[in-house]
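Structure first, then comments.
Numbers here simply count residues along the sequence, with the first being 1. All heavy atoms count here, side chains included; hydrogens, waters and symmetry mates do not.
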Amino acid sequence: MNELALLLAATLSAGTVLALAGLGLLINERSGIINLGAEGMMLVAAIAGFATAVSTGSDLLAFGAGAAAGAAMAAVFGVLVIWLNTNQYATGLALSLFGAGFSAFVGISYTQQRIGERMKFEVPLLADIPFLGPAFFKHHPMVYLAVALAFGLGWFLYRSRAGLILRAVGESPESAHALGYPVRRIRLAAVMCGGALCGLAGAYISVIYTPLWVEGMVAGKGWIALALTTFATWRPARVLLGAYLFGGVTMLQFHLQGEGVEIASQWLSMLPYLATIVVLVLISRNPTWFRVNMPASLGKPFFPGH
């Protein structure tokens, strides 16, 4: 039972990274913009958050720095694809490559650095419940924030006027523009908000999840988060569930290795990525269902007045 509780706790922690990044990318894509630069944004945010945590000792400032770094990179991406109409896929890939190189360069002096002792968090009373306490109620507040963000974003998209406008911009930017809505500014705000959430995910990795800096430490999680939005058919609650599913697969490999299961470590390391490919193949078997849920203008440029 204790081992299962530890596995569940590790799943929630690992899933939080994917949930934050996935929710950010979902906001982007609901506005009609696809950003393939999540990996690069998360890496830059990771080094920004880690450097801030080392310098100040404050988790709050570290998360703020990570979110700001992610939003700044997303703003550059947004200006390029929204105002200058560069190709969204090529620009996103360039952003990802830039983030990987820039973070590696900036992080050279932080490779041997360590963050000080971290405060332990737990929910009073609930943390003392056998099994449930260790599994669900002894996590960093960011874990619970990710859950709140998923439900909050679901309400925003489907129950608020602002969310309706955002979805309208993603479905038919020409119609939204004809009604007088500033499509480009709305898209830029969505892109920056999504970048900030990817930044929070990157900072969470380097400050809480694995409190150190290693070049390339995001290790493909940005790409998994990108696939996760498609797997979840652009719905926040499904993004959250999918994040925990992929987080569980990631943690399962370490659990199996700890139990001495005789499977090559390379095969176990492949599990999260293999699961991603299998899920994408399965959902692609029904193209009609896929098209119905996908924002109609996703990845397409917008030309006002045309």
What are the two closest non-hydrogen atoms of [X] and [Y], and how far apart are they?
X      : Y      : value
Thr229 : Gly22  : CG2-O, 3.3 Å
Asn35  : Gly37  : OD1-N, 2.8 Å
Pro295 : Glu29  : CG-O, 3.2 Å
Ala127 : Lys138 : O-CE, 3.4 Å
Phe231 : Gly242 : CE2-CA, 3.5 Å
Leu26  : Arg235 : CD1-N, 3.5 Å

Please walk me through it: do His177 and Phe302 pass side chain to side chain contact (heavy atoms under 4.5 Å, CB included)?
CA-CA 10 Å; His177 178 69; Phe302 168 64; 3.7 Å; yes
Using 0.5 Å steps for rounding, measure from the [atom1] atom of [X] to the [atom2] atom of [Y].
X      : Y      : atom1 : atom2 : value
Cys198 : Glu39  : SG    : CD    : 10.0 Å
Leu298 : Lys300 : CG    : NZ    : 9.0 Å
Ile33  : Ile186 : CD1   : CD1   : 12.0 Å
Gln112 : Leu212 : CD    : CG    : 10.5 Å
Leu23  : Leu240 : CG    : CG    : 7.0 Å
Trp83  : Asn85  : CH2   : CG    : 11.0 Å

Return yes if some donor-acceptor pair links the side-chain N/O of [X] with the main-chain N/O of [Y] below 3.5 Å, else return no.
X      : Y      : answer
Thr210 : Ile205 : yes
Arg238 : Thr233 : no
Arg30  : Trp234 : yes
Ser103 : Ile47  : no
Gln88  : Ile34  : yes

Consider only side-chain heavy atoms of I, L, V, M, F, W and Y, link residues closer than 4.5 Å, and tell whether [X] and [Y] are in one cluster.
X      : Y      : result
Leu145 : Ile27  : yes
Phe105 : Met73  : yes
Leu97  : Leu25  : no
Met251 : Phe131 : yes
Leu241 : Leu157 : no

Which pairs, with at least one residue in residues 30-66 and sequence neighbours excluded, count as a ring-ring contact (aromatic ring centres under 6.0 Å, His included)?
Phe63-His140
Less than 4.5 Å apart, side chain to side chain, heavy atoms only: is that true for [X] and [Y]?
X      : Y      : result
Tyr209 : Thr16  : no
Leu126 : Leu132 : no
Phe136 : Ile129 : no
Trp155 : Pro236 : no
Thr111 : Val214 : no
Leu200 : Tyr204 : no
Tyr244 : Val147 : yes
Leu164 : Arg161 : no

Return yes when atom [atom1] of [X] has more than 12 non-hydrogen atoms of other residues, nucleotides or ligands closer than 6.0 Å, and no otherwise.
X      : atom1 : answer
Leu125 : CG    : no
Tyr158 : OH    : yes
Gln113 : CD    : yes
Tyr110 : OH    : no
Phe156 : CZ    : yes

With a cut-off of 3.5 Å and sequence neighbours excluded, list every side-chain donor-acceptor pair involving residues 220-228.
none

Go through the steps to decide whether Val54 and Ile115 satisfy the test side chain to side chain contact (heavy atoms under 4.5 Å, CB included), and finish with yes or no.
CA-CA 5 Å; Val54 169; Ile115 299 178; 4.2 Å; yes
side-chain contact (heavy atoms from CB on, under 4.5 Å) against Leu179, all qualifying residues, sequence neighbours excluded:
Tyr181
Apply side chain to side chain contact (heavy atoms under 4.5 Å, CB included) to the pair Leu95 and Leu80, showing each step before the final yes or no.
CA-CA 11 Å; Leu95 186 71; Leu80 290 173; over 6 Å; no
